[in-house]
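Hydrogens, waters and symmetry mates are skipped; everything else that's a heavy atom, side chains included, is used. Since we're looking at a predicted model, the values are computed, not measured.
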Amino acid sequence: MVTGFLHPWLVRLREMVVRLEPQWHKRHRDFLMRSFQLPGGWAGRQGPPNPYYTGFGLRGLFLLDGLSPELLRASGRFLQRLPFSHLAPADVFAVILVQPILGEVILPPRRVITFLAQLVRPDGGFAATAASSEGSVFATFLAVEAVTVVNAVLQENCGEFGTGTFPSAEQILGFLLARQRRDGGFAEASAAPLGAVPTTVAALATLRLLEVSAQEAVKRACDFIVHQQDLSGGFRVGSLAPAPDLLSTALGLLALADFNYLKCGQLRNPLPFIEGCESPSGGYRSDPTDETPDVEYTFYGVLARGICEAYMPATVGRSSVARPDVDKL
């Protein structure tokens, strides 16, 4: 049974992350704890706590094994009190997908179904906002992930694809393939001529969740991601981007690990770039030129470091940790 894409990866990688160097581990756990705000969430670089960044804070501490019962209860109460009918779709998705970490149902299945049904579009995808006329690759991944997580992880009935409320797996597959570009990557908008790494990773994760066969599309997409790595070891968002960023690097590594592409001979060691994004006082930044760490990029930094240690040990070779049998991850 498929139990979601991201959360199972977090569960598998946590064993690796928590066994890294104690000083590294403590530095980033302390940063996330310092960033936690009452009444129970995390904020971006400015403003009050919100569900989007709270999801990243909880995932980061989950990887670092730093979630206390008190923090989980405070976060759960904060999310329960949100005015869901007035939230942006990205915030609603954040609440739905963090429920396995919280260990409680914040949004009941009927509300999830109503929310997702409003985003279904004729092209077979799910829109990023209620005002969008076409499907979004990233929103489609979030929708498929949400249904999978609610059904399998939370063991609540959120419906199935192709039952009338939601498009079928074949319709979603058709939508995704229409967004694959000549460079092998997937584009978020129908008018975009080139692929982007985050969008491509979202498409690959959706294909994994739907358990559909699209081997040629997967191979082209993974080759596209590999070709976005530059000399620093980081991954660019796309071929026109001037420099790599941590988000694209972490997500690119995650997709390549999922499809067993990390042994590709073309890949360089990504750890120098990842370390260049690390703040000495804790937390990660978007790229080495950024001056301010935040919760979102700290999650991506911890995620990327865990993937490097677990799946590229011969390349990284920095830690004396006894590594798990990665073939079983």
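The structure places CG of Leu63 at 13.5 Å from CZ of Arg29, a figure rounded to the nearest 0.5 Å. In this structure, OH in Tyr53 is found 14.5 Å from CH2 in Trp42, a value given to the nearest 0.5 Å.
When every heavy atom of Leu303 is checked against every heavy atom of Ala250, the shortest pair comes out as CD2-CB, 4.4 Å. Between Leu64 and Val17, the shortest heavy-atom contact is CD2-CG1, 3.8 Å. Listed here is the closest heavy atom pair of Ile274 and Ala304: CD1-CB, 3.6 Å. Taking each heavy atom of Leu32 and Gly57 in turn, the nearest pair found is CD1-O, 4.4 Å. Between Asn151 and Cys158 the shortest heavy-atom distance is OD1-N, 2.5 Å. For the residue pair Leu102 and Ser75, the shortest heavy atom distance occurs at CD2-CB, 4.2 Å.
Using a 4.5 Å heavy-atom threshold, the side chains of Arg77 and Pro39 count as separate. Looking at heavy atoms from C-beta onward, Ser133 lies out of side-chain contact with Arg121 at the 4.5 angstrom threshold. A 4.5 Å side-chain heavy-atom check between Tyr297 and Val302 finds every atom pair outside the cut-off. Looking at Leu116 and Val112, their side chains come closer than 4.5 Å, going by heavy atoms from C-beta outward. Inter-residue side-chain proximity for Val11 and Phe62 is flagged as met; some heavy-atom pair is nearer than 4.5 Å. Contact check for Leu173 versus Leu177: side-chain heavy atoms found under the 4.5 Å cut-off. Proximity of Ser279 to Phe31: side-chain heavy atoms (C-beta onward) are nowhere separated by under 4.5 Å. Annotation: side chain of Pro167 is in contact with side chain of Phe126 (closest heavy-atom distance under 4.5 Å).
The backbone N or O of Gly276 lies less than 3.5 Å from a partner atom in the side chain of Arg285, making a donor-acceptor pair. Within the 3.5 Å criterion, the main-chain N or O of Phe273 finds no donor-acceptor partner in the side chain of Ser232. Checked by atom type and distance alone, the side chain of Asp91 never pairs as donor or acceptor with a backbone atom of Pro51 at under 3.5 Å. A donor-acceptor pair under 3.5 Å is formed between the side chain of Gln180 and the backbone N or O of Ala217. Side chain of Asp287 to main chain of Asp245: no donor-acceptor pair is present (N/O by atom type, distance under 3.5 Å, no hydrogens or angles). Judged purely by atom type and a 3.5 angstrom limit, Glu134 uses its side chain to pair as donor or acceptor with the backbone of Ser190. A donor-acceptor pair under 3.5 Å is absent between the side-chain atoms of Gln37 and the main chain of Gly41, judged by distance alone. Distance alone, capped at 3.5 Å, places no donor-acceptor pair between the Asn157 side chain and the Pro109 backbone.
Residue Arg45 qualifies as enclosed at atom CZ: its count of foreign heavy atoms under 6.0 Å is above 12. The neighbour count for Arg34 CZ, taken as heavy atoms of other residues, nucleotides or ligands under 6.0 Å away, is above 12. Taking a 6.0 Å sphere around CD of Glu70, one finds it holds more than 12 heavy atoms contributed by other residues, nucleotides or ligands.
Annotation: side-chain contact (heavy atoms from CB on, under 4.5 Å) contacts of Pro198 (sequence neighbours excluded): Ala196, Val237, Leu247, Ser248, Leu251.
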Worksheet item: Taking it one step at a time, do Tyr300 and Phe56 satisfy ring-ring contact (aromatic ring centres under 6.0 Å, His included)?
Response: CA-CA 9 Å; Tyr300 287 127; Phe56 284 109; 5.6 Å; yes
Discussion item. I'd like to know whether Cys277 forms a side chain to side chain contact (heavy atoms under 4.5 Å, CB included) with Asp290, so could you lay out the CA-CA distance, the side-chain angles of the two residues, the decisive distance to 0.1 Å, and finally the verdict.
Written reply: CA-CA 8 Å; Cys277 298; Asp290 190 4; over 6 Å; no
Discussion item. For Trp9 and Asp258: C-alpha separation, side-chain torsions, deciding distance, then whether side-chain hydrogen bond (donor to acceptor under 3.5 Å, both in side chains) applies.
Written reply: CA-CA 9 Å; Trp9 266 107; Asp258 191 61; 3.1 Å; yes
Worksheet entry | Intermediate values then yes/no, salt bridge (charged side-chain N to carboxylate O under 4.0 Å, His left out), Glu188 and Arg179 | CA-CA 7 Å; Glu188 175 69 359; Arg179 293 291 175 87; 5.5 Å; no
Worksheet item: Would Glu21 and Arg305 count as a salt bridge (charged side-chain N to carboxylate O under 4.0 Å, His left out) if you check the C-alpha gap in whole Å, the side-chain angles of each, and the deciding distance to 0.1 Å?
Response: CA-CA 11 Å; Glu21 301 93 327; Arg305 179 71 192 277; 3.0 Å; yes
Discussion item. Determine whether Thr199 and Phe138 satisfy the following criterion, side chain to side chain contact (heavy atoms under 4.5 Å, CB included), listing intermediate values before the conclusion.
Written reply: CA-CA 6 Å; Thr199 310; Phe138 198 70; 5.9 Å; no
Worksheet entry | Test log, rule salt bridge (charged side-chain N to carboxylate O under 4.0 Å, His left out), inputs Lys219 and Asp223 | CA-CA 6 Å; Lys219 181 182 184 302; Asp223 287 343; 3.1 Å; yes
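In the hydrophobic clustering, Val18 connects to no other residue, as no ILVMFWY side-chain heavy atoms lie under 4.5 Å from its own. Residues Leu240 make up the rest of the hydrophobic cluster containing Leu194, defined by ILVMFWY side-chain heavy atoms closer than 4.5 Å, directly or through other members.
Within the structure, ring-ring contact (aromatic ring centres under 6.0 Å, His included) pairs that include any residue of residues 150-201 comprise Phe161-Phe166 (at least two apart or interchain). Here salt bridge (charged side-chain N to carboxylate O under 4.0 Å, His left out) pairs that include residues 194-206, with residues two or more places apart or in two chains, number zero.
One side chain, His28 or Glu278, offers a donor N or O that lies under 3.5 Å from an acceptor on the other.
With respect to the salt-bridge test (charged N to carboxylate O, under 4.0 angstrom), the residues Arg19 and Asp65 do not qualify. Using a cut-off of 4.0 Å between Lys/Arg side-chain N and Asp/Glu carboxylate O, Arg208 and Glu145 are scored as not salt-bridged.
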Throw together a table of side-chain donor-acceptor distances under 3.5 angstrom for residues 93-101, partners on residues two or more places apart or in other chains.
unit_1: Gln99; atom_1: OE1; unit_2: Ile106; atom_2: N; d: 2.6
unit_1: Gln99; atom_1: OE1; unit_2: Leu107; atom_2: N; d: 2.8
unit_1: Gln99; atom_1: NE2; unit_2: Ile96; atom_2: O; d: 3.0

